[in-house]
2 protein chains.
Amino acid sequence: MNPELFSTKQRILDAAEALFASHGFAAASLRQVTSNAQVNLAAVNYHFGSKENLINEVLRLRLDKLNADRTQALQAALAKSPAQLEDVLGAWIRPALAASASERGSTAFVRILARTYAEQNERLRAFLHDNYGHVLRDFAAALGTLLPHMDKQELYWRMDIITGALTFAMADFGTIKRRGASAEQHLALTADHLIRFAAAGLRAE
Amino acid sequence: MNPELFSTKQRILDAAEALFASHGFAAASLRQVTSNAQVNLAAVNYHFGSKENLINEVLRLRLDKLNADRTQALQAALAKSPAQLEDVLGAWIRPALAASASERGSTAFVRILARTYAEQNERLRAFLHDNYGHVLRDFAAALGTLLPHMDKQELYWRMDIITGALTFAMADFGTIKRRGASAEQHLALTADHLIRFAAAGLRAE
DNA sequence: CTAGAATTCAAACGAACGTTTGACGATCGG
DNA sequence: CCGATCGTCAAACGTTCGTTTGAATTCTAG
């Protein structure tokens, strides 16, 4: 019942997030996690029940915040009249980038997301769909309003493209590294580029 | 020394490709592979030496063909005067989609690619870079010629976006499924959409 | 201060992993 | 026909995995 920053539970979560990101869910062992977290091996099963539950907790904590941020940003974007395509795209993209650059875990979360999408794990996919599908639908509705002539199927398809580009391009394996710029500048620049690219792609044809 | 279609070696490669795609490199065990291939467990180490070598072989066989196809398509695109941005993008995108829809392995290869990008495995990354980096550079050079005003760093960045979108969108987890259309029609349509989206994104600003 | 709950710990569990072994046929050049 | 190479096979190797156990320790409420 202790929400301390350095509690056993929190240390496990931090170490697990980093290791899941860099080695994958299957390859990251609980022995590595507990060793990095400097806690006993049994602590994972005591606090989380199982490795799978730990994976879900790691995802849930980050995704809850990401989706809340996205929903809030979407509402802010739609409050403007007239709402611009770039604003809605920014509400989708910027919170994800911000999550990837947050203080704890650094870029770990985005790499975890990329892995999660690549995983064929049906339980994980169902978990994501059940808990966060509504956010995707909200954005689809907003974009549909701004692009009234676009076929609905095509819109979903292009959102897939954008999501893929966002996820993969951020997941650390890009060939471009920032030089000179601070992390914040790099983040803002990256968001601008992605939004411009995505907006042009959405408006195509 | 037997290049039969249903040799032990080939059956292992087919089963491994399917299992690597659906479960990942780490989670797919050699016991699963050999069981699905209906060969003895020891056959993997006899024919491939180790699991890691098997992984590399699975990747190498597919990538050799993909990169040869891409290189050839790029030359064909550049032979036209004036070469169009869409042609070069098509030379990048269409062979990848074709590989994903080839007779054997169906979509397995693309999912493997998505996993490979998401994997943090440095050996794998080095393997890919050493063997296939020159193709990426050829395309960057071709695109750079067609977009003379674009910053080189920005070009690499946008190629990352496109690669991410291509890999991700093809890896089976999209929300859009074709209906009615044949596989070939779906393939052609998908390629057209991706190329149009990517071209618009590249030309942005 | 103390009983009881919560947490940590070292140790062990059975299962699954990649790999190795050595014996047993199959195949083939001389 | 035969010796040699190649391929297959069941079995076992040592290691690592996630999980469980039960005792030791720490925390907390009365």
Side-chain angles (χ1 to χ4, degrees), chain A residues 1-60 112 115-116 119-124 127, chain B residues 1-60 112 115-116 119-124 127:
Chain A
M1 210 66 83
N2 193 349
E4 281 182 59
L5 258 74
F6 303 110
S7 66
T8 296
K9 211 168 172 178
Q10 187 61 53
R11 290 217 306 281
I12 291 174
L13 283 171
D14 290 344
E17 181 169 34
L19 278 169
F20 288 157
S22 60
H23 297 100
F25 297 125
S29 72
L30 295 187
R31 281 168 175 83
Q32 283 181 278
V33 170
T34 53
S35 172
N36 285 18
Q38 302 198 60
V39 302
N40 188 270
L41 169 60
V44 169
N45 286 278
Y46 177 79
H47 286 285
F48 297 93
S50 68
K51 182 182 184 179
E52 183 162 337
N53 272 351
L54 173 61
I55 293 174
N56 283 2
E57 277 300 290
V58 168
L59 285 177
R60 196 183 57 75
I112 284 189
R115 283 185 175 282
T116 304
E119 293 270 348
Q120 193 82 341
N121 188 325
E122 276 310 315
R123 286 188 178 185
L124 221 50
F127 172 80
Chain B
M1 213 63 85
N2 193 347
E4 283 182 59
L5 258 74
F6 303 111
S7 66
T8 296
K9 209 170 174 178
Q10 188 60 55
R11 291 217 306 280
I12 291 175
L13 283 171
D14 290 344
E17 182 169 34
L19 279 170
F20 288 158
S22 60
H23 297 100
F25 297 125
S29 73
L30 294 188
R31 283 168 173 81
Q32 283 181 278
V33 170
T34 53
S35 172
N36 284 19
Q38 301 198 58
V39 303
N40 188 271
L41 170 60
V44 169
N45 286 277
Y46 178 78
H47 286 285
F48 297 94
S50 68
K51 182 183 184 179
E52 182 162 337
N53 273 350
L54 173 61
I55 294 173
N56 284 3
E57 278 300 291
V58 168
L59 285 177
R60 196 182 57 77
I112 285 187
R115 285 185 172 281
T116 304
E119 294 271 347
Q120 193 83 342
N121 188 325
E122 275 309 316
R123 286 188 178 185
L124 220 51
F127 171 80

To the nearest angstrom, how far is A:Lys51 atom NZ from C:dA15 atom C1'?
15 Å

D:dT19 C1' sits how many Å from A:Asn53 CG, rounded?
13 Å

Any side-chain donor-acceptor pair under 3.5 Å between A:Gln10 and A:Asp14?
yes

To the nearest angstrom, how far is B:Phe6 atom CZ from D:dT8 atom P?
16 Å

Whole angstrom value for the distance that separates P of D:dG7 from CG of B:Asn45:
15 Å

N/O donor-acceptor pair under 3.5 Å between A:Lys51 side chain and A:Phe25 backbone
yes

Just to be sure I understand the rule, does A:Ala43 reach a base, reach only the sugar-phosphate, or reach nothing, if contact means heavy atoms closer than 4.0 Å?
nothing

Quick one: closest heavy-atom pair of A:Phe48 and A:Lys9, and the distance?
CZ-CG, 3.6 Å

Taking only side-chain nitrogens and oxygens of A:Thr8, does any of them come within less than 4.0 Å of OP1 or OP2 of C:dT7?
no

B:Leu41 has a side chain; which of C:dT19, D:dT19, D:dA10 sits nearest to it?
C:dT19

Atom CG of B:Leu19 and atom C1' of C:dC17: how far apart are they, to the nearest Å?
15 Å

Spacing between A:Arg31 atom CZ and C:dA12 atom P, to the nearest angstrom
13 Å

B:Ser50 side-chain N/O to C:dG18 phosphate OP1/OP2 under 4.0 Å
no

Atom pair distance, as rounded to whole Å: CD1 in A:Ile12 and P in D:dG18
13 Å

Strictly below 4.0 Å: does B:Asn40 bring a side-chain N or O up to OP1 or OP2 of D:dA10?
yes

Is there a side-chain contact between A:His47 and the phosphate of C:dA6, meaning an N or O under 4.0 Å from OP1 or OP2?
no

Note: for A:Ala27 and A:Ala42 on DNA chain D, the residue whose nearest nucleotide lies more 5' is A:Ala27

Quickly work out the A:Gln10 CD to C:dT7 P distance and round it to whole Å.
15 Å

Any base atoms under 4.0 Å from A:Ala28, or only sugar-phosphate, or nothing? Heavy atoms, all strands.
sugar-phosphate

Against the side chain of B:Tyr46, the closest entry in C:dA10, D:dA11, D:dT8 is D:dT8

Take B:Asn56 and B:Glu52, measure what side chain to side chain donor-acceptor pair (under 3.5 Å) needs, and give me the verdict at the end.
CA-CA 6 Å; B:Asn56 284 3; B:Glu52 182 162 337; 5.0 Å; no

For a quick test of reading the model: is some side-chain N or O of A:Ser29 closer than 4.0 Å to OP1 or OP2 of D:dC17?
yes

Give me the atom names and distance for the closest heavy-atom approach of B:Ala16 to B:Leu54.
CB-CD2, 3.9 Å

